[in-house]
Amino acid sequence: MDTKLTLKLNQDSILQAKNYVAEKGISLSKLVENFFDSISLQSAEMSTTPQYSALVQELAGIITLPTDFDEKREYAGYKTAGIIVQTPETFLIASGLV
């Protein structure tokens with residue numbers, strides 16, 4: 001459920017935030033929501049249950065891999081081919097899985 005929130009901020013900060021969201025193509029509300037989600041995730045780090053951002057939760061399950069898919073073998077193949085993969089997300093993109 002969405003709820004309205006009023007914030008009192010420095011005018012320069014507001015202008016910078018508006019410029020940032022315009023470049024990124026997202027709303028200011030979404031930026032603030034993502035920030036709040038990220039700080040709540042940081043406080044939940046002590047939890048044994050993994051916590052994911054709203055974006056990750058939204059994207060979870062959209063990729064279906066074959067049951068015999070071997071991530072380590074695929075990753076090793078990219079490393080030996082000279083392709084630099086820095087994160088799991090870039091691996092998925094580089095492998096054409098996203």
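Considering OG of S38 and CD of E33, their distance stands at 11.0 Å, rounded to 0.5 Å.
Taking every heavy atom of both residues into account, A54 and D37 meet most closely at CB-OD2, 3.6 Å. N10 and D12 get closest at one heavy-atom pair: OD1-N, 2.6 Å.
The hydrophobic cluster containing Y20 does not contain L7, counting ILVMFWY residues as joined when their side-chain heavy atoms lie under 4.5 angstrom apart, directly or transitively. When hydrophobic clusters are built by joining Ile, Leu, Val, Met, Phe, Trp and Tyr residues whose side-chain heavy atoms come closer than 4.5 Å, directly or via intermediates, L55 is not grouped with L31. Taken together through direct or relayed side-chain contacts under 4.5 Å among Ile, Leu, Val, Met, Phe, Trp and Tyr, L9 and L28 form parts of separate hydrophobic clusters. A continuous path of ILVMFWY side-chain contacts below 4.5 Å connects I14 to F36, so both sit in one hydrophobic cluster.
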Run S29 and V32 through side-chain contact (heavy atoms from CB on, under 4.5 Å) and show every step you take. CA-CA 5 Å; S29 294; V32 172; 5.9 Å; no
Passes side-chain contact (heavy atoms from CB on, under 4.5 Å), T3 versus L5? Steps please. CA-CA 6 Å; T3 303; L5 172 67; over 6 Å; no
